[in-house]
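Notes for the one structure printed next.
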Amino acid sequence: MAEFEVIKRYFAPLSATVDAPDVVLGIGDDCALISPPEGYDIALSSDTLVADVHFFSDANPEDIGHKALAVNLSDLAAMGATPAWFSLNISLPTTYAVDEWLKPFCAGMQALAQRYSIPLVGGDTTSGPLTITLQVAGWVPKGQGLRRSGARLNDRLYVTGDLGWPALGLDQLAQPKGMPLRCPDVVLQEAEIAYAVTRLVKPTPQLAFALKARDYLHSAIDISDGLTQDLQHILTASQLSAQLDVDALPVAAPLRLAGLNTYWRALNFGDEYQLLLTAPAAVEGTLLSIADEVGITLSGIGSLRRVTANGLSITAVDGAPIPVGGYHHL
Ligand code: ADP
Ligand code: MG
């Protein structure tokens, strides 16, 4: 199929079916035209997914489409930005049956795109090893973007949802591929297997909570590379240390009985797309009611401390150091 036919059949509908007043012109011209609302900053983020690095190339294309957009929306959530539009650069192997692959792939993206009313405004289509780069844009009131550097001394530390399921999910997918398991001492029930896989392949961006809570938060990050590593990013940017209440960490139920090594490997695996947040203690009640309202859990997992002469650290309540670990991209 010719490139322009692919664009017309699969990508243009994602531009046309969403009504977005900020998008003056979508797919079909040399550029898209965007008219940003007055008084807002534009939040821009982009993520590349490479087959067999970030997802298995034989995965369900609908899930791949979902995840490609979901991980980008998660970055907007972590900035407190309302999603506005997205673009897609895709490189497809010439050996692929284009229709069979692109139809479900676009359906996966479309479902999320419609939920957040964001049109696909443009992109590029080439052939080559399967690689997907999405860019998303959102709006955030001027100066209100949630920066990693915004955390303050004595802020409470919170996390949405529960952690560890994606690592357990990968073990389920990795088994037939002969990859070493991350959590070999964890045995899941049938229903837990399905849930763990869903949490890995169909993550939910925590936008509803982020947008309602934004004005009460000091800083936020989405957990893509692992709990301690992503926490470290906030600490480094804000020049603070953290005391983690390990007993308060919301971990997936099957991990509670696991050995310590497995426990931390799962928590530091990443691919969670839960939000790690800091806020003054005074707004705790407000944050908990927002979480309740949007139907998620929010856990207080520690607080931010002064950096001592020994340097920036993450310690447990008893003062024991917690080693930082997580996914490394390079
Ligand atoms: P140009 O040669 O001017 O770069 P193209 O022929 O690459 O234009 O693309 C034609 C139109 O289709 C442009 O508006 C472009 O943004 C859009 N487009 C191309 N590929 C994609 C894609 N993968 N997703 C969304 N829009 C796309
Ligand atoms: Mg082009």
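Atoms within each ligand, like the ligands themselves, are counted from 1 in listed order. The figures here come from the full heavy-atom set of this structure, side chains too, leaving out hydrogens, waters and symmetry mates.
Salt-bridge formation is not detected for the pair Arg199/Asp271: no Lys NZ or Arg NE/NH1/NH2 atom is positioned less than 4.0 Å from an Asp or Glu carboxylate oxygen. The pair Asp171-Arg182 fails the salt-bridge criterion, with no side-chain N (NZ, NE, NH1 or NH2) lying under 4.0 Å from an Asp/Glu carboxylate O. A salt bridge links Lys177 with Asp58: at least one charged nitrogen is closer than 4.0 Å to a carboxylate oxygen.
Applying the 4.0 Å criterion to heavy atoms of Gly122 picks out, from ligand 1, the atoms 16 (O), 24 (N), 25 (C), 26 (N), 27 (C). Close approach of ligand 1 to Ile90 (heavy-atom distance below 4.0 Å) involves ligand atoms 23 (N). Against a heavy-atom cut-off of under 4.0 Å, Asp30 is close to the following atoms of ligand 1: 3 (O). Ligand-side atoms of ligand 1 in range of Phe11: 21 (C), 22 (C), 23 (N), 24 (N), 25 (C), range being under 4.0 angstrom from any heavy atom.
Distance alone, capped at 3.5 Å, places no donor-acceptor pair between the Ser15 side chain and the Phe11 backbone. The main-chain N or O of Gly226 is found under 3.5 Å from a side-chain atom of Asp230 such that the two form a donor-acceptor pair.
The backbone of Asp29, and not its side chain, has at least one atom closer than 4.0 Å to an atom of ligand 1 (non-hydrogen atoms only; backbone = N, CA, C, O).
Side-chain atoms of Asn268 and Thr228 include a donor-acceptor pair closer than 3.5 Å.
Closest heavy-atom approach to atom 6 (O) of ligand 1 within the set Met109, Lys8, Glu3: this belongs to Glu3. Considering each of Ile27, Leu102, Leu14, the one bringing a non-hydrogen atom nearest atom 17 (C) of ligand 1 is Ile27. Residue Thr125 holds the heavy atom nearest to atom 20 (N) of ligand 1 of all those in Val6, Val121, Thr125.
Residue-to-ligand polar distances keep Leu120 apart from ligand 1: every N/O pair is separated by 3.5 Å or more.
Minimum interatomic distance between Ser238 and Gly150 (heavy atoms only, all atoms of both residues): OG-N, 3.7 Å.
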